[in-house]
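Step one of this worksheet: look at the structure below.
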Amino acid sequence: MTHTFVGMPPFPTAARAALADTQLRHNLAHATATIRGKRARVVDEVENWEELRLAGAAVKDRALRGLDEHLVQLEESLTARGATVHWARDADEANQVVIEVAQRHGVDEVVKVKSMVTQEIGLNEALQAEGIAAWETDLAELIVQLGGDLPSHILVPAIHRNRAEIRDIFRRRMGEVGRAAPADLTDEPAVLAAAARAHLREKFLRARMAVSGANFAVADTGTLVVVESEGNGRMCLTLPEVLVSVVGIEKVVPSWAELDPLLRLLPRSSTGERMNPYTSTWSGVTPGDGPQEVHVVLLDNGRTRALADDVGRQALRCIRCSACLNVCPVYERVGGHAYGSVYPGPIGAILNPLLKGTGDPQTDSLPYASTLCGACFEACPVLIDIPEVLVHLRSKVVDGHREDRVPKPEAVAMKSAAWTFSRGGRLRLAERLTGVGVGVGRRLGASRWTSARDLPKAPPESFRAWWRRTDGRLDP
Amino acid sequence: MSARDDILGRVRSALAAVEPDPAPVTAPPGTRVADLVAHFAERVADYRATVVHCAAGDVAGTVAAALPAGARVVVPPGLPDDLRSALADVIVDDGLSADALDAMDAVVTCCRVAIAETGTIVLDHAPDQGRRAVTLVPDRHVCVVRADQVVADVADALAVLDPGRPLTWISGPSATSDIELDRVEGVHGPRVLHVIVVGEAG
Amino acid sequence: MVTCVNDAMFPGTGAAVVRLLRRLGVDVDFPEAQTCCAQPMVNTGYLDEAVPVVRTFVDAFEGYDAIVTPSGSCAGSVRHQHRLVAQRSGDAGLERAVAATSPRTYELTEFLVDVLGVTDVGAYFPHRVTYHPTCHSLRMLGVGDRPRRLLEDVRGLRLVDLPHAEECCGFGGTFAVKNADTSIAMGSDKARHVRETGAEVLVAGDNSCLMHIGGLLSRGRAGVRVMHLAEILASTEGDAR
């Protein structure tokens, strides 16, 4: 049941396969339209939403601009409150910390709060390799895990599945890993949710160790924050004896009071609610209440690489709300799997190259997986200018090939276009020589254009030729 | 070099040309409403939680009425006497196991603060609210909110809360939208949230 | 600035702009040294290649009071991307020149409404029309309701709302060929919404988007014409359209 994104093809190829799946397109169109409507309603009722976005961006910027100091402070405050702090340069180091804690306690299973970062580092697979089962407890993650599937959305990882598919997965798989689904299971969402409740409750009640991420880590108080809806987070954060939280270093918020704009922006942008049902905060160990052994793993895994990019740095402001996915016309049609990462959609198209670096064909295809329509930037609660970063990353992809011995046809075309466009006279000559329109058509990649689209009829003369002939006085 | 020093070194070199911002950010306040308590009640009800108002003298009876007949009820050790006295046959949490809590039908607690704008109740798990598990495992949570505990917005709540304590922010019953983005109330947390607002109602 | 696409493929749009602006009393010139705004290079990642093109732009348009273009996308490129290209060049002179030309560059509807202060441009176009707000005019430039106000003041024109109007058509420059399948999927949905309106004409402020949507409409034999906004605004009762 190990499933990863390793070996995914570049975006255009993966997208083609996804576009052919009409059920998927239907599921996605329905789900994204629903969530867009909910978000719009609760965002519109906030009079100073734009000011709030500015404040959210400013808090995250402040956190990033002084990240070293805030991290040191976070470590101090966590330690003072009884937590053990670990640092991990990469996925392997982080996974190793979790494995060692589990082995020290002799557990063969852990319950998990939905967390993007533990998916990013492949924690479940690493635990499984050591004979430790990792149970996903968020409903959508459970659907993905039971289905042997991959997540396709940040907030709703099973957004690509409809109710009938979910019922089939529950019927088929729940019994193999725990309490079976009832025989009369229907595809009503409330009935499916009840089946998940019954299935997971036995796991919550017996689990001795939990693993979580964190939405925010407050430096001055040593407080971790988990924002959720179902109560599975509360179960994991409260009932087991041991808790390990893996936290990307960009999750730092400098001070307690600065949570204010973030807690107001996140639920409205994410689930389209004024506030999510449950937010849990904890600072280290509380005697007599909740886990008595608390670990925090501070993870880099490419974040310092992104931080060093002065245009791309803003992507680390991301609070994983997924508003950009829900408004993205490309995401809506191809879904999350085509991005080949746990971070899909517009934010994934910039975050993956920033974290991993450019140079790999799959990663390099992501900055081009956008029309630069700007809907993502408009929706982003922390004002990440995703189109700007996409264009910047495209230039990094191109710059990575400037030393190629055999340049790509595109590079040759761009160089020759640049030469032509450097003088008005050259352009006039080019238009005369190739016939108006033909040059442009060829440059556009004519066959890929005309597979489904007609090209307009070429005009008898260019504008510039007409102007020269008439001084713009007669109709062409 | 330790992972810690390595990461902090990379952070510092990435930020070599960047000046830190020393001043904390203050977000703009939300819309102010005249009647916070009524606003709170309206927003809680939007989450499909039950909200009832009562006068201070009627709280015991109102709490008792919120519990189904025969319900097994657990209460935190510091529940005020006037509430406690209204409930016959309650079990006081003295560190009950998760399984024992799972056998309970309901829990009755107070709260630390309530937020009008978002319809949120915040527990800081003081003795009148109990440890976190007590308000999590039973399926029905009856929560008593005093009118003077209602604040306007998130910033006001952050200002009164002690981050050193574990906190649980509750906005309606547990819910999920994971199936076709269709909202369903009631997953792992209490499926019923019953809020009793005590004091002058709007 | 007529734009490279209009120069080579849609000279009628450029001619319409000239006619419209002259009718409104503007002294119009077409500096023949102009070529392209460099957006194709910038958006594909070829920043070094964009440098000489931006240099050509600032040289060609030096000294004019206003640079008007019938393209939200090209105006957006000039206003938002030229600065980045100039920074990349490391040429302080180019940065200064860009700082002078960028703010004087207007998309046509901005120039008409904000600079000339008109919405009734004396146009006549007796047809049922639907308007697609292109992404760059809408979100990069923020032209807002200017195109709509201009269209509403065209005599004879009946404007019908386009469902999901603000959603991207899927053109996206090289996206249209690099991700042709996704581009076509998006464009087909846009074309379907256009057909649903029952309009005779789809109008927009960018010919590149219209070429994409129009190409799909034409392949689908939808019987809907696409026209640039400038051509409608230039139309008068004397035109036999």
Side-chain angles (χ1 to χ4, degrees), chain A residues 11-12 15-16 19 329-330 333-334 367-375 377-378 391 393-399 410-411 414-415 417-418 420-428 431 436-437 439-440 444-445 448-449 451-456 458-459 461-464 466-468 472 475-476, chain C residues 2 4-12 14-15 18-19 28 30 32-36 38 40-47 49-50 52-53 55-56 60 81 135-136 139-140 167-168 170-188 211-212 214-216 218-219:
Chain A
F11 184 84
R16 189 175 311 133
L19 286 165
V330 174
R333 290 182 178 72
V334 305
Y368 294 93
S370 166
T371 61
L372 306 177
C373 83
F377 181 28
E378 209 171 55
V391 169
L393 289 169
R394 290 175 184 188
S395 77
K396 293 201 118 180
V397 170
V398 167
D399 290 346
E410 176 187 278
M414 284 296 166
K415 276 206 188 330
T420 310
F421 285 152
S422 298
R423 295 279 186 281
R426 288 178 190 167
L427 180 56
R428 184 162 55 86
E431 283 171 354
V436 173
V440 175
L444 282 165
R448 273 184 284 175
W449 178 272
S451 68
R453 292 166 284 210
D454 289 341
L455 270 172
E461 63 179 346
S462 69
F463 178 87
R464 121 187 4 253
W466 170 77
W467 179 272
R468 207 164 240 233
D475 276 349
Chain C
V2 80
C4 62
V5 168
N6 288 329
D7 179 19
M9 309 272 286
F10 305 98
V18 173
R19 195 148 72 106
V28 183
F30 172 78
E32 290 191 50
Q34 70 178 278
T35 58
C36 167
M41 290 91 195
V42 177
N43 281 1
T44 317
Y46 291 82
L47 288 188
E49 286 74 4
V53 183
R55 208 181 296 272
T56 304
Q81 296 183 332
C135 298
H136 288 177
R139 283 180 280 261
M140 200 193 262
E167 188 172 283
C168 178
F171 171 68
T174 48
F175 181 86
V177 287
K178 276 181 185 282
N179 281 285
D181 302 283
T182 311
S183 171
I184 289 164
M186 290 164 67
S188 302
M211 183 167 71
H212 167 69
L216 287 157
S218 155
R219 183 64 59 92

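Naming convention: chains lettered A, B, ... in sequence-line order (proteins, then strands); numbering from 1 in each chain. As the structure is a prediction and not an experimental result, all values here were calculated from the model.
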Testing the basics here: between C:Y46 and A:E410, what is the closest heavy-atom pair and its distance to 0.1 Å? OH-OE2, 2.9 Å

Is C:E167 close to chain A through its backbone or its side chain, or both, or neither, when contacts mean heavy atoms under 4.5 Å? side chain

Heavy-atom contact with chain C under 4.5 Å, split by part of A:R333: side chain

Short side-chain to backbone donor-acceptor contact, C:N179 and A:Y368, under 3.5 Å: yes

Whatever's closer than 4.5 Å to a heavy atom in chain C on A:L372 counts as both

Under a 4.5 Å heavy-atom cut-off, does chain A meet the side chain of C:A185, its backbone, both or neither? both

Checking heavy atoms, do the side chain of C:V42, its backbone, both or neither come under 4.5 Å from chain A? both

Do C:V2 and A:W467 come close enough that some side-chain heavy atom pair is under 4.5 Å? no

If you tally heavy-atom pairs under 4.5 Å between each of C:N6, C:T44, C:L47 and chain A, the highest tally belongs to C:T44

Restricting to non-hydrogen atoms, name the atom on C:C168 and the atom on A:C373 that form the minimum distance, rounded to 0.1 Å. CB-CB, 3.6 Å

Within the distance-only criterion (no hydrogens, no angle test), does the side chain of A:R453 pair as donor or acceptor with the backbone N or O of C:M211 below 3.5 angstrom? no

Backbone N/O of A:R464 and side chain of C:D7: donor-acceptor pair under 3.5 Å: yes

Which heavy atom in A:S451 sits nearest to a heavy atom in C:I184, and how many Å separate them? OG-CD1, 3.6 Å

Most heavy-atom pairs under 4.5 angstrom with chain C, which of A:A15, A:G424, A:P367? A:G424

Does A:R423, at its CZ atom, have more than 12 non-hydrogen atoms belonging to other residues, nucleotides or ligands within less than 6.0 Å? no

Contacting moiety of A:S370, where chain C heavy atoms sit under 4.5 Å: backbone

With chain C, which of A:V398, A:D399, A:V334 has the greatest number of heavy-atom pairs at distances under 4.5 Å? A:V398

Would you say the side chain of C:P11 lies within less than 4.5 Å of the side chain of A:E461, judging by non-hydrogen atoms? no

Chain C contact via A:V397 - which portion, at a heavy-atom distance below 4.5 Å: neither

Please check if the side chain of A:T371 supplies one atom and the backbone of C:G172 the other of a donor-acceptor pair under 3.5 Å. no

One should read off an interatomic distance between A:E378 CD and C:C135 SG, to the nearest 0.5 angstrom, of 9.5 Å

C:M41, part contacting chain A, at a heavy-atom distance under 4.5 Å: both

Those residues that, when tested against A:R468, pass salt bridge (Lys or Arg N to Asp or Glu O under 4.0 Å) (two or more places apart): C:E32

On the 0 to 90° scale, with breaks at 30° and 60°, tag the C:F171-A:W449 ring pair as parallel, tilted or perpendicular. perpendicular

Do you know the tightest heavy-atom contact between A:T420 and C:T35? O-CG2, 4.4 Å

On a heavy-atom basis, which atom in A:A369 and which in C:F175 lie closest, and how many Å separate them? C-CE1, 3.9 Å

Over all heavy atoms of both residues, which pair between A:F463 and C:A15 is shortest? Give the atoms and the distance, please. CE1-N, 3.4 Å

